[in-house]
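Positions are given from 1, in the same order as the sequence printed here. Order of appearance sets the numbers: ligands from 1, and atoms from 1 within every ligand.
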Amino acid sequence: MWEKVQETVNFIQEKTNFIPEYGVILGSGLGGFTEDITIEYVLDYSAIPNFPVSTVQGHKGALVFGQIQGKKVVAMQGRFHYYEGYDMKQVTFPVRVMKSLGVQKLIVSNASGGVNPLYKVGDVVVITDHINMLPEHPLRGYNDERFGPRFVNMSAPYSLAMIDEAFALAKEWNIVLQKGIYLALQGPTFETLAEYKMVKAMGADCVGMSTVPEVIVARHMDMECFGISVITDIGDEANIDEVNHEEVLEAAKKAEPQVRNLIKNLIIRS
Ligand code: HPA
């Protein structure tokens, strides 16, 4: 794995000569963030050695390098999901690459289903913690100490400093930001009503099919993480019949300007 990451990093460095400090992973319907970047290089996943190729509608497949007010950023336009058939080492491979390129801070976005009764469709949630219910762990197997330790402390997977900064921005802008716990299930089915109830009973506020593997691997390498989720549907009796991919994309698109603004200013200020 170490050698594969180095091979990919060498390729990218030859093509770009760019040392990013911030990594951004863009979830469903949130890819427009790249318009906020002064783009210097774009590499399609298909052109990058060892990179998987994204298969989901609404997810593009490119690494975008550029600056936001002088801050150097690499954004993943389109991510890899376990349900697509990749194993967790593949799903998280780009995070390993980002770290080796120089990224210290990782910002991850996604769309999720809300089970917190205070949430509405379109709400933007700052992820404060997560529950990993995915069937495979990205750190299972041989541990290469060059990446990080065998046993990873997960007491604060999401940077408290970045969470505070996000709420400071929300206060300045007079906008409502929710906070909550994200639970990851493998999908690709949306949850049954009984499963949404289980998610709630387990102590989570929202549920999705991504993010947790990337954050685990980022924490393995001691990267600072910030997670943001757009509530695209509500998992309760009244709303469950509306949950489908089109609704998810539409709701995510509506919240996109707010998410973009938040990520942009977090990068500028943190
Ligand atoms: N469940 C799982 N993943 C999702 C959902 C959901 O309700 N909405 C968006 N992604």
Open item on the list: Restricting to side chain to side chain contact (heavy atoms under 4.5 Å, CB included), what partner residues turn up for F167, sequence neighbours left out?
Closed with: V126, I163, L177, K179
- [ ] Quick one, list the residues around ligand 1 where some non-hydrogen atom comes in under 4.0 Å, by chain and residue number.
- [x] A111, S112, G113, F190, E191, Y196, V207, G208, M209, T232, D233, V248
Open item on the list: Under a 3.5 Å cutoff, is there a donor and acceptor pairing between the side chains of E165 and S270?
Closed with: no
TODO: Write out all pairs satisfying salt bridge (Lys or Arg N to Asp or Glu O under 4.0 Å) with one or both partners inside residues 203-225, taking only residues at least two apart or from two chains.
DONE: R79-E214, R219-D222
Per-pair distances, 0.1 Å, donor-acceptor, side chain in residues 248-259, under 3.5 Å, sequence neighbours excluded:
from, atom 1, to, atom 2, distance (Å)
K253, NZ, G29, O, 3.3
E256, OE2, G32, N, 2.7

TODO: Nearest 0.5 Å please: distance from the CG atom of L26 over to the CZ atom of F33.
DONE: 6.5 Å
Open item on the list: Do S155 and N153 pair up side chain to side chain, a donor and an acceptor below 3.5 Å, judged on atom types alone?
Closed with: yes
